[in-house]
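Reading through the structure tokens given below for one structure.
Below, read A as the first sequence line, B as the second, and so on, with proteins coming before strands; counting in each chain starts at 1. Every heavy atom of this structure was used, including side-chain atoms; hydrogens, water molecules and symmetry mates were not.
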2 protein chains.
Amino acid sequence: MKGAEPTPEPAGRRQRKRQKTASHLADVAFGLFEEQGYEAVTMEQIAAEADVAKATLYSHFPMKEALVAHRLRDEIVEGMSALADQLARHRSFVSRMQFLLRESAAWHAAKRTYLPHYLRYLHSIADTADGGAIEDSGSMATWNALAMMFRAAQQDGEVTRAIPAGQLAWSLQYLLYGAVTHWLLHPGTDLAKAFLQAFALLMNGAAADRPARVRKPASTGKTSPGSSR
Amino acid sequence: MKGAEPTPEPAGRRQRKRQKTASHLADVAFGLFEEQGYEAVTMEQIAAEADVAKATLYSHFPMKEALVAHRLRDEIVEGMSALADQLARHRSFVSRMQFLLRESAAWHAAKRTYLPHYLRYLHSIADTADGGAIEDSGSMATWNALAMMFRAAQQDGEVTRAIPAGQLAWSLQYLLYGAVTHWLLHPGTDLAKAFLQAFALLMNGAAADRPARVRKPASTGKTSPGSSR
DNA sequence: CACCTTTCTTGAACGATGTTCATAAACATA
DNA sequence: TATGTTTATGAACATCGTTCAAGAAAGGTG
């Protein structure tokens, strides 16, 4: 029951060994996290437990949050592939996406404690403009899947082709990010519901259904007197 | 030319003095930032320059990013009020919003260097679930303005009433946040354009204009008279 | 005015983080 | 096998953010 390996054969043996020790470190770290809580565990502790030097640990994971990110990224990737066939069973794009969002919400709820640290990590690599580091930043897995789904929906005529699928994907991702943030701040709210609402908004838009109904032909004064907020 | 005071009369004299020293500290910090760059300036340096103890500085601003946030929040608030009358000149909601987004994009471009730190601050107060701290977190100013605009648009019939204005406001905010993040990572892209595209997406949605055109007639024999919405 | 209470400031320490560097080991290539 | 490159090591280091007890200042009360 060791950590999964989303990257099958990296290249040389060196790279493989490096990834192996990385996974080992992440495993050890997660063991300590679940044992004593994330905050209570220090980097030195992790290094000692894994029997490596602190500098070695830092060469793999520059921050403590990166350990969380490593694990969660793996989980996302394998979760995605696990859901692949179930996704294919759904006929329409909307149905597929709603299923995915529900699953995603459940996953978020399960990993709730680690999400703040994961998000902090994602945010931290965003401003260190590393360029290359973003390519496999974990949220890329989600992004790729979403983009593929949007692209397929565009070809099926369910989604407009006027907007690139990639742009739709990250638009949805940021809407979901907002929902997660809100949910983390206000426990008890329904994350799945928020996800679905965000998706519905993205699909249908916020414009009034009937294009600018003739409200206010003159000074109105018609019905609905309560307009002051 | 001192820092503005968005909070006119807080309450007692004590509170006022506290806010005054806070503004003083932020001013001193910003002077050093522009002089030596954000990273190069340390908290001890700021405290020394402002002639207070380090603990005092930390009691006002728990992190270095909070100094940036304090200043930018003030700028946002006064910028909003400065734009209020210009906003009122625009007739339609879409026109108003596009104007606001263009101005906002220009402001972001001007403050570019500080944005990563500001965003990091916003993100940091999100997971410390302080509850009360969020109420005046600076992005609240933007959120309030957006929510009011959406509410007005709903009353004018330009925006659907099926979704609360507040929800629309933070949906847009997270879309804009995504655009800013993307822009910070990829300089040279047009932020104003991205803002306007995000807004257009929020308004019009991503669903295909013609509901499920008859692509792939084999599967569903339905002639699809367009009922998906 | 004298007194008490609350809040803020101060200085100094502290642990943890993240960084640095020279050295040694492991590996790849020839 | 010999050489060069990547990685691991151990130890030191600066800074950050935090903590604490004690003093100073503002506020309220008699």
Would you say B/D51 has more than 12 foreign heavy atoms packed within less than 6.0 Å of its CG?
no
Nucleotide of C/dG11, D/dT18, D/dA8 approaching B/P62 most closely (side-chain heavy atoms)
D/dT18
Nucleotide C/dC8, atom C1' - distance to CD of B/Q19 in whole Å
15 Å
Considering just the side-chain nitrogens and oxygens of B/H60, establish if one lies under 4.0 Å of OP1 or OP2 belonging to C/dC8.
no
Interatomic distance where CG belongs to A/L57 and P belongs to C/dT20 [whole Å]
16 Å
Would you say a side-chain N or O of B/R18 is under 4.0 Å from OP1 or OP2 of C/dT9?
yes
From the options B/R71, B/E39, B/K64, select the one residue that forms a side chain to side chain contact (heavy atoms under 4.5 Å, CB included) with B/F33.
B/K64
C/dG11 P sits how many Å from B/E44 CD, rounded?
12 Å
Does one side chain, of A/Q45 or A/Q36, offer a donor that lies under 3.5 Å from an acceptor on the other?
yes
OP1 or OP2 of C/dC27 sitting under 4.0 Å from any side-chain N/O of A/K17?
yes
Between D/dC16 (C1') and B/Q45 (CD): distance, integer Å
14 Å
Check: A/K54 side chain, C/dG18 base, donor-acceptor under 3.5 Å:
yes
Round to a whole Å and report the spacing from CD of B/E39 to C1' of C/dG18.
14 Å
Look at B/T42 and D/dC16 and indicate whether a side-chain polar atom (N or O) is within less than 4.0 Å of OP1 or OP2.
yes
Closest to side chain of B/A55, choosing from D/dA8, D/dC20, C/dC8:
D/dC20
Whether B/S59 contacts C/dC8 is assessed here as follows: a side-chain N or O lying under 4.0 Å from the phosphate OP1 or OP2. Is that the case?
no
Extract all donor-acceptor atom pairs below 3.5 Å that involve side chains of residues 166-179 of chain B and protein atoms in other chains or at least two apart in sequence.
residue : atom : partner : partner atom : Å
B/Q167  : NE2  : A/Q197  : OE1          : 3.4
B/S171  : OG   : B/Q167  : O            : 2.8
B/Q173  : NE2  : B/S139  : O            : 3.2

Where do A/S124 and A/E65 land on the side chain to side chain contact (heavy atoms under 4.5 Å, CB included) test, with the steps shown first?
CA-CA 9 Å; A/S124 77; A/E65 292 92 337; over 6 Å; no
How many whole angstroms separate atom CZ of B/F61 from atom C1' of C/dC8?
15 Å
Tell me: NE2 of B/H117 to P of D/dC16, nearest whole Å?
13 Å
Rounded to the nearest angstrom, tell me the gap between atom CG in B/L67 and atom P in D/dG17.
10 Å
Side chain of A/Y58 - closest among C/dG18, D/dG17, C/dG11
C/dG18
